[in-house]
Structures are given as structure tokens and as C-alpha cells.
**Q** 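This is the structure I have questions about; it appears just below.
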Amino acid sequence: MRKKIIAGNWKMNMTPTESVALCETLKPLVAGADADVVFCVPAIDIIPVKEAIKGTNISLGAENVYFEDKGAFTGEISAPMLKDAGVEYVVIGHSERREYFAETDETVNKKLLKALEYGIIPIVCCGESLTQREQGITLDWIRMQIKIAFQNVTADQAKTVVIAYEPIWAIGTGKVATTEQAEEVCGGIRKCIAEIYDEATAETIRIQYGGSVNASNAAELFAQPDIDGGLVGGASLKADFSKIVKYNA
Ligand code: PEP
């Protein structure tokens, strides 16, 4: 049985002061959850959030990482920096990074390898646009994203990775994929992992759904056999996030 993993993606929200206040609100509410709980926070919030969640069941995540260890890359943050700061998870290849910051499947692959090298668990995002869905190429597109992202990743490494399936048209729009659509793609991703590696790797890897997850749709989505939790944007900034985390309560 795979343990569910529910991660909040705070995006570019929450000042350091606000980040601590949100942690104080959520800490008691998410305590005792069956699922793994992760807060993926802006770089400047990493240190205060680490302090604020000490001794709780919340794990610390970052929203991005660069693929070089160090050097003249102004504004970037490296995997060794994140590791030293206590970061356990990192979101890689979010569609917003692909759209606004020119991330490609190739940079996603490099970042994935770098995070794994430093023992940080990647949450690798993939997803199709509305046009691609309407063209009927969703699964082909996502299989390509996954195949490139996992190049040179061993089966043992792949077992530790989290994949987030996030249809771009469902992110921040309030338009959630139907449970059938979400399950179809998450199942397709698992099949793709089985083809790249083997059944054991496919059965171990955790696949989240992301895209307008909220307290009222989480339980149905997470009940699907291939959906192992969620990557949650907007709804992770509110006390209601605890209802998503405790979707089965
Ligand atoms: C996200 O940012 O990964 C996301 C899924 O956002 P939202 O939940 O707001 O759609």
C-alpha cells in the first residue's frame, strides 16, 4: 500500500511573517493525519517554516532548485543549499515554471537528477494544456514528459520520486478534472513507469493529482486506485487545507 502524500504549493504567496502564521494555524489541524504532509514554500520562507514546523508531522519542501552545485548563477538556489537548510522535497517542472521561466523537459531531467543526488525527494510535475486535451494527445504528451524527466534515473531512485499530474487547464482555474480523467492519466503514468522500469517500481512510485483540489473534491479523487494524494495550490493557503489532508476523516 502506498502512503498518500498531500503537498501544498504556496507559489509566490506568504511573506516570512505570514508563513509562520500559516504554519501556526495549520500545525494543530493537520496533526495526526494518515497522509504525508508537505509544505512547499518560497525560498525566503524555508528557514522560518523549518523552525515553525519543528517536531510536527509536516515536511519541508521547496518550489524550485537549480541543476548546478554552485557558481555564477545569480538568483538561483542549489540542491546542496536546500539540503543544508533541511529541505526534504522539491517541486520540479511546475507548469508555471515551464511557462514563465522557460523550463523544459531537459532542465526538468537535470534538476531531478540533481535533487536525487542530494537526497531531496523530487515532486515532478507534468500535464497537458487544454488544446492538447482537445487534440486527443494527452497521454502521448505526458508519456513524453515522463520519459525525458526520468532519463538516467535508476529504478531505485525512481521509486522515491513523487509525480504530480497537473492538467494545466485545471490549475488555479477552479476547473477540476473529473475523477475519471485524473485516474486515467495517473494510471497511464504508472503504466509508463512500468514500461521504463518494471512493475515493482510502478507499484511503489507515488502519483499525485493537482489542479483545483479542494476540501469537497479531495476524497473522491484520492479514492482512485492510481491517485496517491494531491499537489494543492490555492487551497493550501487556508485552514481548509487540513480538510484535504484529512480527506478520509
Ligand atoms: C498547483 O499550483 O500546483 C495547483 C494545483 O494549484 P491549484 O490547486 O490552485 O489549482
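Both ligands and their constituent atoms are indexed starting at 1 by order of listing. Quantities reported herein were computed from a predicted structural model and do not represent experimental measurements. The first residue in the sequence is number 1, and the count goes up from there.
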**Q** Using heavy atoms and a 4.0 Å limit, tell me yes or no: is Ala235 in contact with ligand 1?
**A** no
**Q** Any atom of ligand 1 sitting under 4.0 Å from a heavy atom of Ala170?
**A**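 It does; at least one heavy atom falls under 4.0 Å.
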**Q** Polar-atom distance check: Gly234 versus ligand 1, any N or O pair below 3.5 Å?
**A** yes
**Q** Distance-only check: which donor-acceptor pairs under 3.5 Å involve side-chain atoms of residues 148-156, not counting sequence neighbours?
**A**
residue : atom : partner : partner atom : Å
Thr154  : OG1  : Gln157  : N            : 3.1
Thr154  : OG1  : Gln157  : OE1          : 3.4

**Q** Could you tell me whether His94 and ligand 1 have an N or O pair separated by under 3.5 Å?
**A** yes
**Q** Quickly, which of Arg2, Arg206, Lys3 forms a salt bridge (charged side-chain N to carboxylate O under 4.0 Å, His left out) with Asp228? Name it, please.
**A** Arg2
**Q** Please report which non-hydrogen protein atom sits nearest to atom 8 (O) of ligand 1, along with the residue it belongs to and the distance in Å to one decimal place.
**A** Gly233 N, 2.8 Å
**Q** Please say whether Val232 places an N or O atom under 3.5 Å from an N or O atom belonging to ligand 1.
**A**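 No, since none of the N or O atoms of Val232 sits under 3.5 Å from an N or O of ligand 1.
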**Q** Can you tell which of Glu96, Glu166, Glu63 gets a heavy atom nearest to atom 3 (O) of ligand 1?
**A** Glu166
**Q** Ignoring hydrogens and geometry beyond distance, is a side-chain donor-acceptor pair present between Asn214 and Asp240 at under 3.5 Å?
**A** no
**Q** Quick one: which ligand 1 atoms are inside 4.0 Å of a heavy atom on Gly211?
**A**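 Answer, ordered by atom number: 5 (C), 10 (O).
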**Q** One residue to check: Asn9. Relative to ligand 1, which of side chain, backbone, both or neither has a non-hydrogen atom less than 4.0 Å away?
**A**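 Under 4.0 Å from ligand 1, Asn9 contributes side-chain atoms alone.
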**Q** Counting both backbone and side chain atoms, is some N or O of Ser212 under 3.5 Å from an N or O of ligand 1?
**A**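 Yes; at least one N/O pair falls below 3.5 Å.
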**Q** Just verifying a value: how many Å separate Phe222 CZ and Ile227 CD1, rounded to the nearest 0.5 Å?
**A** 8.0 Å
**Q** At less than 4.0 angstrom from any non-hydrogen atom of Leu231, what atoms of ligand 1 do you find?
**A** 3 (O), 5 (C)
**Q** Just jot down the ligand 1 atoms closer than 4.0 angstrom to any heavy atom of Lys11, in number order.
**A** 1 (C), 2 (O), 6 (O)
**Q** Do any nitrogen or oxygen atoms of Gly172 come within less than 3.5 Å of a nitrogen or oxygen of ligand 1?
**A**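 Min N/O separation from ligand 1 is below 3.5 Å for Gly172.
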**Q** In Å, rounded to the nearest 0.5 Å, how long is the span from CD of Glu88 to SG of Cys40?
**A**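 Result: 10.5 Å between the selected atoms.
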**Q** If only side-chain N and O atoms count, and only distance matters, is there a donor-acceptor pair under 3.5 Å linking Glu134 with Thr131?
**A**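 On atom types as modelled, these side chains do not qualify, holding no pair under 3.5 Å.
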**Q** With distance as the sole criterion, is a donor-acceptor pair present between the side chains of Glu166 and His94 under 3.5 Å?
**A**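 Present: a donor and an acceptor within the cut-off.
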**Q** Less than 3.5 Å apart, which donor and acceptor atoms pair up between the side chains of residues 20-31 and the rest of the protein, not counting sequence neighbours?
**A**
residue : atom : partner : partner atom : Å
Glu24   : OE1  : Lys27   : NZ           : 3.4
Glu24   : OE2  : Lys27   : NZ           : 3.2
Thr25   : OG1  : Ala21   : O            : 3.1
Lys27   : NZ   : Ala52   : O            : 2.7

**Q** If we count only N and O atoms by modelled type, under 3.5 Å, do the side chains of Glu128 and Tyr165 hold a donor and an acceptor together?
**A**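 Per modelled atom types, Glu128 and Tyr165 side chains form a pair under 3.5 Å.
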